[in-house]
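Below is one structure, written out as structure tokens, with a few remarks after it.
Letters A, B, ... mirror the listed sequences (proteins, then strands); counts begin at 1. Quick note: numbers below take in every heavy atom, side chains included, and nothing from hydrogens, waters or symmetry partners.
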Amino acid sequence: MASNESKEEGKRRPLNFIEQIVEEDLKNNRNNGRVHTRFPPEPNGFLHIGHAKSICLNFGIAEDYGGKTNLRFDDTNPLKEEQKYIDSIKEDVHWLGFDWEDREYYASDYFEQLYEFAVKLIKQGNAYVCELTPEEVKNTRGTPTEPGKESPYRDRPIEENLDLFRRMREGEFEEGSCQLRAKIDMSSPNMQMRDPILYRIRHIAHPRTGDKWCIYPMYDFAHGQSDYIEGITHSLCTLEFENHRPLYDWFLDKIAEGDYRPKQIEFARLNLSFTVMSKRKLLELVNEGYVDGWDDPRMPTISGIRRRGYTPGSIREFSEKVGIAKRDNVIDVALLENSLREDLNKTAQRVMTVLDPVKVVITNYPEDQEEELDAVNNPEDENMGMRKVPFSREIYIERDDFREDPPKKFFRLAPGREVRLRYAYYITCQGVVKDEFGEITEIRCTYDPETKGGQSPDGRKVKGTLHWVSSKHALPVEVRQYDRLFMDESPDKIKEEGKDFKSNLNPDSLHIIENAMAEPFLKDAKPEDKFQFERKGYFCVDRYCKPQEKLIFNRAVTLKDTWAKIAKQQQQGKKK
RNA sequence: UGACCCAUGGUGUAACUGGCAACACGUCAGGUUUUGGUCCUGAAGAGUCCAGGUUCGAGCCCUGGUGGGUCAGCCA
């Protein structure tokens, strides 16, 4: 059996480095051959696409190796954490298609046990209560290149530490007046090992434990211990915790009984071009009104891309494609877009919607006549069947599907030119009507009755096929065309002194069309339904659309557009 | 002037653990097409950060550089 390929049939992807470690551990019967992972968000913000990568990794590994995954909220800092974040995180993980079953845990559930662990450490002489002020702690920590200084409280007797720590818990001391620290090595070249703080005093209620506690454990004294309590075998986290691993192991060695040990493994976080990923920056965009909340369709949050029209499958596929490694990376957002197109191409109902309508009158089509024409719902999936589309003398087509003076390689409608109306007839442009500003108000065409359905008995070909909507049957809808939030692929690369990432915001990231014209088929569309608007892109009914009101469609992603590419080249040719 | 980590086409990830660099996205060209979509075919694009060393043989091992990242919250 090849050691670098997944054993599972049909899944021939080479193993990433974490899977290789897991297989090695399995081979050595480490922790009795168990695999148990966890996804450990802090409930202080919304999940983003980077978290999605981690979620897919953790749940994916467990699934592949017959293990389980816990959802654990790392809620050790009541200053920043809120219930609304817990709710949104749970919703997002479920929506992505993962299930933690009954294993929904909270670090705060372990506060009592964590306290006991701390007492154990004190009794071992491995922790002490330090009364240095925050300022003094900072000043005695040293720098990466200089060792720190030992706290004067470092060698107080165990009994005194025990007493002080108990009184810390009982609320005798003010915030910041003292803290519990591990006694490790103030001159360690690894800053994490310079007597890190284990517990700090916070006279503040916790969303889950209320007023029960006024001391709260730090991340380093909660995370590994929680892993240990839950029986986690592989604790996957991002690279910035690499320097914490010796500390992770140090605590476990002092606390654990028996052979079982969770193992921390670090991988590189996901970065995406044309967006920012840090919670702080995302929060800034929300708070300062650059976007319409955490789930604005332009946000890289899971709730944002969901509202935009992304599917769980496309995000899982994307996570698979980006891979897992340890080097810093910036994924091309085109890869994300490709994953969505690939998914929706196979599954999305096709429909015709004219985004920027201009009227076409078919002069030789009888005034009162109407027809119902057959249209294919999805050429990629016969099982999706057919539908009827109404046709009449007056229709709308896309304004830029007509040119009075067509450039080279423009295959669409122009004076004297014949094109096909999809599923309908061939039409030929005979002239245009303009208003006093020279704006075209109407295109006049004739049709060939012999070409019903879109093919001619004489076999003549047309180069262009246009989508259209019968004007009397048209359903007006609102369309929100979203584009990239930032103009630069690296928003943090600032061009002018004194500016920040927000100076790279794309001013055209949202273009709203109040009255696009859709075929009547769409009238029963429900929130989050996804469609391909033929020749335009994939669109999703906004999550917050109300039943009786005008439908709002969010553009998830455009279709690939060869013509746009040619037109752009022609433009650039002219400039030169 | 510390510790730890990282370095392969434009981007991302591989390379059976030492056997003459592959896949995906993107780009370009062509074919099919009632979506300038999809699909199909082909092409360009890295000789693996640099310099030494070990070896019959190095992207994989060793040494030394260079470049990048992380760490000085009572955040996670």
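- Going from atom CD of Gln349(A) over to atom C1' of rU35(B) covers 14 Å, rounded to whole Å.
- Heavy atoms of Thr76(A) sit under 4.0 angstrom from primed sugar atoms or phosphate atoms, though from no base atom.
- Contacts of Pro41(A) with the nucleic acid, taken as non-hydrogen atoms under 4.0 Å apart, are absent.
- Between Phe539(A) and Phe553(A), the distance from one ring center to the other does not fall under 6.0 angstrom.
- rG26(B) sits 15 Å from rA46(B) when the C1' atoms are compared, rounded to a whole Å.
- Tyr216(A) comes within 4.0 angstrom of no nucleic acid atom, judged by non-hydrogen atoms across all strands.
- The side chain of Ala325(A) approaches rU13(B) more closely than any other nucleotide in the set rU13(B), rU35(B), rA72(B).
- Here Val330(A) lies in heavy-atom contact (under 4.0 Å) with sugar-phosphate atoms only.
- Closest to the side chain of Asn243(A), from the set rG36(B), rC4(B), rA76(B), is rC4(B).
- Nucleotides rU48(B) and rA29(B) are separated by 29 Å at their C1' atoms, to the nearest Å.
- Of all nucleotides listed (rG73(B), rC71(B), rG26(B)), rG26(B) comes nearest to the side chain of Asn338(A).
- Both distances falling under 3.5 Å, in either a Watson-Crick or a G-U wobble arrangement, place rA22(B) opposite rU13(B).
- Put simply, Thr145(A) has no side-chain N or O that comes within less than 4.0 Å of OP1 or OP2 on rA3(B).
- Of all nucleotides present, only rU66(B) satisfies the Watson-Crick or G-U wobble test against rA7(B), with each distance under 3.5 Å.
- At a cut-off of 3.5 angstrom, counting only N and O atoms as typed in the model, there is a donor on one side and an acceptor on the other between the side-chain of Arg350(A) and the base of rU35(B).
- For rG68(B), the base adopts the anti conformation, since its glycosidic angle falls more than 90 degrees from zero.
- With rU1(B), rA72(B), rU35(B) as the candidates, the nucleotide lying closest to the side chain of Arg141(A) is rA72(B).
- Taking the P atoms as reference points, rC23(B) lies 33 Å from rG68(B), given to the whole Å.
- Residue Ile566(A) is classed as a base contact, given a heavy-atom separation below 4.0 Å to a base.
- Using a 4.0 Å cut-off between charged side-chain N and carboxylate O, Arg38(A) and Glu230(A) make no salt bridge.
- Residue-to-nucleotide proximity on RNA chain B shows that, of Asn44(A) and Asn190(A), the 5′-proximal contact is made by Asn190(A).
- Using a 4.0 Å cut-off, some side-chain N or O of Arg535(A) falls inside it from OP1 or OP2 of rG36(B).
- Donor-acceptor pairing under 3.5 Å is recorded for the side chains of Glu240(A) and Thr238(A).
- Nucleotide rA76(B) holds its C1' atom 15 Å from the OH atom of Tyr85(A), rounded to whole Å.
- With a cut-off of 3.5 Å on both Watson-Crick or G-U wobble distances, the partner of rG36(B) is given as none.
- Within 4.0 Å of Leu132(A), counting heavy atoms only, lies at least one base atom of the nucleic acid.
- Between Phe46(A) and Tyr85(A), the distance separating the two ring centers is shorter than 6.0 angstrom.
- Across all strands shown, Glu266(A) has no heavy atoms under 4.0 Å from either base or sugar-phosphate atoms.
- Proximity note for Leu559(A) (side chain, C-beta onward) versus rG12(B), rG37(B), rC75(B): the nearest is rG37(B).
- Counting non-hydrogen atoms under 4.0 angstrom, His223(A) reaches nothing in the nucleic acid.
- Residue Gln569(A) has a polar side-chain atom (N or O) positioned under 4.0 Å from OP1 or OP2 of rC28(B).
- Using atom P as the reference point in both rC5(B) and rG9(B), the two lie 23 Å apart (nearest Å).
- No close placement of the Tyr248(A) and His244(A) rings is indicated, their centers lying 6.0 Å or farther apart.
- Candidate nucleotides rA14(B), rG2(B), rU35(B) were compared by shortest atom distance to the side chain of Asn16(A), and rA14(B) ranks first.
- Side-chain atoms of Arg327(A) stay outside donor-acceptor range of the base of rG69(B), with no qualifying N/O pair under 3.5 Å.
- Cation-pi geometry between Arg484(A) and Phe274(A) is met: the NZ or CZ atom falls under 6.0 Å from the ring centre, inside 45° of the normal.
- Look at CD on Glu240(A): it is 12 Å from C1' on rC75(B), rounded to the nearest Å.
- Residue Arg200(A) places at least one side-chain N or O under 4.0 Å from the OP1 or OP2 atom of rC75(B).
- Taking the six-membered ring for Trp, Tyr153(A) and Tyr128(A) have ring centres at least 6.0 Å apart.
- The side chain of Lys565(A) approaches rC28(B) more closely than any other nucleotide in the set rU11(B), rC28(B), rG36(B).
- Pair check for rA44(B) finds none; no Watson-Crick or G-U wobble contact set falls under 3.5 Å.
- Base pairing annotation: rA72(B) forms no Watson-Crick or G-U wobble pair, as no partner gives both donor-acceptor distances under 3.5 Å.
- Residue Ile331(A) has its side chain nearest to rG12(B) when only rC74(B), rC6(B), rG12(B) are considered.
- Comparing the same atom, C1', in rC62(B) and in rA76(B) gives a spacing of 38 Å after rounding to whole Å.
- Scanning atom types as modelled, no donor and acceptor separated by under 3.5 angstrom connect the side chain of Asn345(A) and the base of rU38(B).
- Atom P of nucleotide rU35(B) and atom CZ of Arg412(A) are separated by 13 Å, given to the nearest angstrom.
- The separation between Leu270(A) atom CG and rG69(B) atom P is 18 Å, rounded to whole Å.
- Ring centroid separation for the pair His206(A) and Phe111(A) comes in under the 6.0 Å cut-off.
- One can place CG of Asp328(A) at 15 Å from C1' of rU13(B), the figure rounded to the nearest angstrom.
- Atom C1' of nucleotide rA72(B) and atom CG of Asp195(A) are separated by 14 Å, given to the nearest angstrom.
- Contact check, Ser339(A) against rC25(B): no side-chain N or O comes under 4.0 Å of OP1 or OP2.
- With contacts defined as side-chain heavy-atom distances shorter than 4.5 Å, the pair Ile184(A)/Leu247(A) qualifies.
- Residue side chain Glu242(A) does not reach the base of rG69(B) through any donor-acceptor N/O pair under 3.5 Å, judged by distance alone.
- With both ends at atom P, the span from rA58(B) to rU1(B) equals 37 Å, rounded to whole Å.
- In rG42(B) the O4'-C1'-N dihedral to the base is more than 90° from 0, which defines an anti nucleotide.
- When distances run from any side-chain atom of Asn329(A) to the nucleotides rA72(B), rG37(B), rG12(B), the shortest one goes to rG12(B).
- Nearest-nucleotide positions on RNA chain B for Tyr219(A) and Arg422(A) put Arg422(A) closer to the 5' end.
- For NZ of Lys279(A), the number of neighbouring non-hydrogen atoms (other residues, nucleotides, ligands) closer than 6.0 Å is greater than 12.
- The shortest distance between the side-chain N/O atoms of Lys560(A) and the OP1/OP2 oxygens of rU38(B) is below 4.0 Å.
- In this structure rU17(B) sits in the syn conformation; its chi angle is within 90° of 0.
- Checked against rG12(B), rC25(B), rC75(B), the side chain of Glu42(A) finds its nearest nucleotide in rC75(B).
- Ile89(A) places its CD1 atom 12 Å from the C1' atom of rA76(B), with the value rounded to the nearest Å.
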